[in-house]
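Have a look at the structure below, then the notes.
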Amino acid sequence: MATLGTQLISTSYTQLIKTLGTGGLDGSLQVITDGDDTQSALSLSTSAVSSTGSFSVVGASTLTGAVTCSNTLGVTGAATLSSSLGVTGAATLSSTLGVTGAATLSSSLGVTGAVTLSSTLGVTGAATLSSTLNVTGAVTLSSSFTASTGTATIGTAAITTATIGTQNVTTSTVSTSTIGTLTVTSETATNSTVTSTATVGTLRVGAAGPRLTAVSYGTAAFTLSTVAAYNGAGTTNGTFTLTGSQLGDIVIGSLDSLGTATGSSGLIIGFHPIATNIVRYSITNPTTTAGTVPAGTLYATAMRFTA
């Protein structure tokens, strides 16, 4: 605009910026107008700024308070927030998003660059990341999560219900995973590693397969025993504690010294639960030669399925 010093007030006052009211700035937002009261999209007060139109920033922006967008948020450069980010519309970032506070999105999140959150991420819509997502806080997704490329690294994952149609995993590393119900119809994992503990309440593999609800594992000492040749006494048996097992469980097991038995080479071992936490083993000799089994260790696993 030209300088006002060489212009008459009557011809240049429309170039001035002022508030819509007559009292100047105060604690209430006031629309900013030009000299003939043409209203702009900008409103100012002594403590706030508001715009009814689009908001564009060419350089870097640092926001130390909360940012709330009720429509679409589009950022082509880096966005750094030291507090919370709340978006009720779509958020599309073509570069980097860094949030040190909480980020809550009630719609979709699409990021083509890296996303680093040092606090909580909550998304009620779809989240699509074509790069890397690193979250040091809690991750809560009430809809779908898609990582088309890049790496998803999660310290602790707490999932109420996970249903996976087809999963192809090149490398997956999870410290601790606690899942209420996991349903997998097809899974291909090249290198999937749980570095600490994976706890699954109910595991179902296949669309109509059985549900595995409990697995118990234990060991017990076995003392040297001679199994007579096939006759009424051609069986050696005993019981041991297998914590968590119940009647009806499927028990599989082995005896590490059975392979070094002398005499008969046809000894057969079987396991079955006879009470809660108690499993019986039986070594049977179907041959006509007695067999001697050295002392060793019994290994047993009990599995419980439901339809």
Side-chain angles (χ1 to χ4, degrees), residues 162-164 166-167 169 172 174 176-307:
T163 301
I164 303 172
T166 301
Q167 181 182 24
V169 181
S172 175
V174 181
T176 301
S177 178
T178 302
I179 304 173
T181 301
L182 174 63
T183 301
V184 181
T185 57
S186 177
E187 179 179 6
T188 301
T190 303
N191 183 15
S192 182
T193 303
V194 178
T195 59
S196 182
T197 302
T199 303
V200 181
T202 299
L203 175 63
R204 180 175 184 176
V205 179
R211 292 178 173 87
L212 178 60
T213 60
V215 176
S216 305
Y217 171 78
T219 63
F222 176 81
T223 57
L224 182 145
S225 179
T226 298
V227 185
Y230 178 70
N231 55 40
T235 298
T236 294
N237 57 66
T239 62
F240 61 93
T241 299
L242 182 56
T243 302
S245 61
Q246 295 180 9
L247 291 173
D249 287 356
I250 299 173
V251 181
I252 57 176
S254 65
L255 172 59
D256 60 2
S257 60
L258 193 61
T260 57
T262 58
S264 174
S265 59
L267 301 180
I268 301 171
I269 189 169
F271 299 84
H272 64 279
I274 60 172
T276 300
N277 301 327
I278 302 297
V279 168
R280 179 182 297 279
Y281 70 88
S282 297
I283 302 176
T284 302
N285 184 2
T287 72
T288 58
T289 302
T292 299
V293 184
T297 302
L298 292 161
Y299 297 86
T301 299
M303 294 181 291
R304 190 173 311 132
F305 291 89
T306 59

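Numbers here are sequence positions counted from 1.
- Applying the ring pair (Phe, Tyr, Trp, His ring centres under 6.0 Å) test to every pair with at least one member in residues 280-300, sequence neighbours left out, gives these pairs: F222-Y281.
- Sorted by first and then second residue, the salt bridge (charged side-chain N to carboxylate O under 4.0 Å, His left out) pairs involving residues 260-282 (not counting sequence neighbours) form an empty list.
- Side chains of N285 and T287: a donor-acceptor N/O pair is present below 3.5 angstrom, by distance only.
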Requested in this report: Evaluate the criterion side-chain contact (heavy atoms from CB on, under 4.5 Å) for residue pair M303 and V251; output intermediate values, then yes/no.
Outcome: CA-CA 6 Å; M303 294 181 291; V251 181; over 6 Å; no
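- Atom CG of L258 is separated from atom CD1 of I269 by 6.0 Å, given to the nearest 0.5 angstrom.
- The OG1 atom of T239 sits 12.0 Å away from the CG atom of N277 when rounded to the nearest 0.5 Å.
- Within the structure, the salt bridge (charged side-chain N to carboxylate O under 4.0 Å, His left out) test picks out no pair touching residues 253-264 (sequence neighbours left out).
- Here the side chain of S264 pairs a donor or acceptor atom with the backbone of G266 at under 3.5 angstrom.
- Minimum heavy-atom separation, L242 to A302: CD2-CB, 3.8 Å.
- Applying the salt bridge (charged side-chain N to carboxylate O under 4.0 Å, His left out) test to every pair with at least one member in residues 289-305, sequence neighbours left out, gives these pairs: D249-R304.
- For the residue pair G263 and T289, the shortest heavy atom distance occurs at C-CG2, 4.1 Å.
- Listed by first then second residue, pairs satisfying salt bridge (charged side-chain N to carboxylate O under 4.0 Å, His left out) with a partner in residues 262-273 number zero, not counting sequence neighbours.
- Considering every non-hydrogen atom in both F271 and G253, the closest pair reads CE1-C, 3.3 Å.
- Checked against side-chain hydrogen bond (donor to acceptor under 3.5 Å, both in side chains), T284 has no partners two or more places apart in sequence or in another chain.
- A donor atom on one side chain and an acceptor atom on the other are not found under 3.5 Å apart for T297 and T219.
- Checked against side-chain contact (heavy atoms from CB on, under 4.5 Å), T260 has the following partners two or more places apart in sequence or in another chain: S257, P294.
- With sequence neighbours left out, the side-chain contact (heavy atoms from CB on, under 4.5 Å) criterion links T292 to L224, T226, T262.
- For the side-chain hydrogen bond (donor to acceptor under 3.5 Å, both in side chains) test, no residue two or more places apart in sequence or in another chain qualifies with T301.
- Using a 4.5 Å heavy-atom cutoff, the side chains of V293 and L255 are in contact.
- If you take CD1 on I250 and OG on S245, they are separated by 13.0 Å, rounding to the nearest 0.5 Å.
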Requested in this report: Please assess L298 against F240 for the test side-chain contact (heavy atoms from CB on, under 4.5 Å), listing each intermediate value before the final yes or no.
Outcome: CA-CA 9 Å; L298 292 161; F240 61 93; 4.0 Å; yes
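- Counting heavy atoms from C-beta on, the side chains of T243 and S216 never come closer than 4.5 Å.
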